[in-house]
Amino acid sequence: MRIGVLTAGGDAPGLNAAIRAIGQRAWRDGHEVIGISNGWAGLAQEYAGTPLRADQLRDVIGQGGTLRGTARFDLDAPPGGRERVLAAINEHLDALIAIGGDGTQRISHWLAERHAPVVGVPKTLDNDLPGTDYCIGFDSAIALVAESLDRLHTTAASHHRVIVVETMGRSTGWVAALGGLAGGADLIVIPEFPMSMRDVLDHVKARRRAGLGYSIIVVAEGVNLATLGGVEAGELSREGVRGAPLASRGVGPFVAARIEEHGEVEVRTTVLGHLQRGGSPTAYDRVWATRVGAGAYDAVAAEHFGTIPVVHDNRVVLSPLADVAIGQRPVPRELYDLCAAFF
Ligand code: F6P
């Protein structure tokens, strides 16, 4: 069998561990593994698949990024991209493993509905793919957030300052919530549980009354500016809608500026940005990326197409792509309440 592997959307630590697992398992059973360059672009544009060799996957379990590249490639603008991907799969491959988040898995599902031999692998640093407890990259991201908060706490406390830390999280607040919990954040603002600037200022002032002159406030990049009491119109909202990096909306700097205006305290801002996506995967991401990668190969070998290996109760199980290609999984109330217990 010729098994194609691609990574689509944003990169994330752990992608190479998954590709390695797929390769090792497939070669052991005598199959050929084709690395597709730059995600869906490598199938929708000129075909960009070349065989992966054992030496290319030998030492990659700890390497960040993705060895065949990735891209945010819109298959619907202009229309016709999905059909070209379908044709390329039929012409060049016997199966395709697509590693990616919600956008990628919606395409995988569309292809599987048209009888393409496709299996997904859950990856999104935002951790909000429905139907799975694990997405490749999330653990590495929150490890970076936690370490950053540890560092920021010492300088914030020394200067009696507020530091606003903006994390990734386009639609949901998993990175902010769990990174913030692990790093001892003093307040966490996420899209799921809206907060106004009045709430944020009251919190800063209450801490000062309690003798705590410093605060670390973690804000997810996708928090709605209108809810905070800012502008969600004109330039800012157009950027969000068109898919420009959400960091350009400046939620972190916005919150920092409002605190400085009204909070009678010195404020600094740190936008963690792509530091959360770069570098080596944690051991947890290496292990689970290997497990879901191996699960994807097993699904291909058994011809269980239209599926995706997901993690439930610490086990890898096969789920229909239809069950994950349905939007985003929000942070549940009880988890946020646990974070808030430490504010
Ligand atoms: O979708 C994952 C993500 O990391 C988001 O959290 C973030 O908004 C986005 O990617 C950034 O994308 P890009 O690297 O294309 O700017």
Side-chain angles (χ1 to χ4, degrees), residues 6-16 18 38-41 64-66 68-77 98-108 120-130 132 134-146 148 165-180 188-192 218-225 232 236-255 269-282 285 289 324-331:
L6 63 79
T7 52
D11 72 326
L15 288 171
N16 291 328
N38 304 325
W40 298 116
T66 167
R68 278 294 155 92
T70 186
R72 293 198 185 281
F73 187 80
D74 190 344
L75 290 173
D76 300 316
I99 310 176
D102 59 324
T104 306
Q105 302 314 340
R106 272 200 298 277
I107 301 294
S108 303
V121 174
K123 176 276 314 180
T124 164
L125 192 123
D126 292 353
N127 198 41
D128 54 6
L129 204 60
T132 182
Y134 172 75
C135 294
I136 293 175
F138 174 65
D139 187 67
S140 304
I142 62 172
L144 184 284
V145 173
S148 305
V165 183
E166 182 183 303
T167 68
M168 283 190 167
R170 180 168 283 270
S171 311
T172 57
W174 287 95
V175 176
L178 294 194
I188 299 170
V189 189
I190 63 174
E192 289 90 332
V218 177
V219 184
E221 64 178 345
V223 161
N224 189 301
L225 278 169
E232 193 68 269
L236 294 174
S237 99
R238 274 204 307 279
E239 284 183 11
V241 170
R242 285 186 188 152
L246 281 184
S248 67
R249 292 161 76 240
V251 167
F254 171 82
V255 170
T269 315
T270 300
V271 178
L272 292 176
H274 290 80
L275 289 171
Q276 295 158 98
R277 288 229 310 250
S280 290
T282 57
D285 261 326
V324 305
I326 50 166
Q328 278 86 30
R329 178 176 69 117
V331 172

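Every number for a ligand or one of its atoms is a count from 1 in the order of the listing.
- Residue-ligand proximity: Thr124 is placed with every non-hydrogen atom at 4.0 Å or more from ligand 1.
- Leu272 has its side chain within reach of Val165: a pair of non-hydrogen atoms, C-beta onward, lies under 4.5 Å apart.
- The closest heavy-atom contact to atom 4 (O) of ligand 1, among the options Met168, Gln276, Arg170, comes from Met168.
- Taking any N or O of Gly169, backbone or side chain, at least one lies under 3.5 Å from an N or O belonging to ligand 1.
- Close approach of ligand 1 to His274 is summarised as follows: ligand atoms under 4.0 Å from at least one heavy atom of the residue are 13 (P), 14 (O), 16 (O).
- Contacts of Gln328 classified as side-chain hydrogen bond (donor to acceptor under 3.5 Å, both in side chains), with partners at least two apart in sequence or in another chain: Asp102.
- Using a distance-only test at 3.5 Å, with no hydrogens or angles considered, a donor-acceptor pair links the side chain of Asp126 to the main chain of Arg170.
- Distance check: Leu6 CG to Thr104 OG1 gives 8.0 Å after rounding to the nearest 0.5 Å.
- For ligand 1 and Arg277, the ligand atoms under 4.0 Å from any heavy atom of the residue are 3 (C), 4 (O), 9 (C), 10 (O), 11 (C), 12 (O), 13 (P), 14 (O).
- Scored by the salt bridge (Lys or Arg N to Asp or Glu O under 4.0 Å) test, Arg329 finds no partners at all (sequence neighbours excluded).
- Here is the list of ligand 1 atoms found below 4.0 Å of a heavy atom in Glu221: 5 (C), 6 (O), 7 (C), 8 (O).
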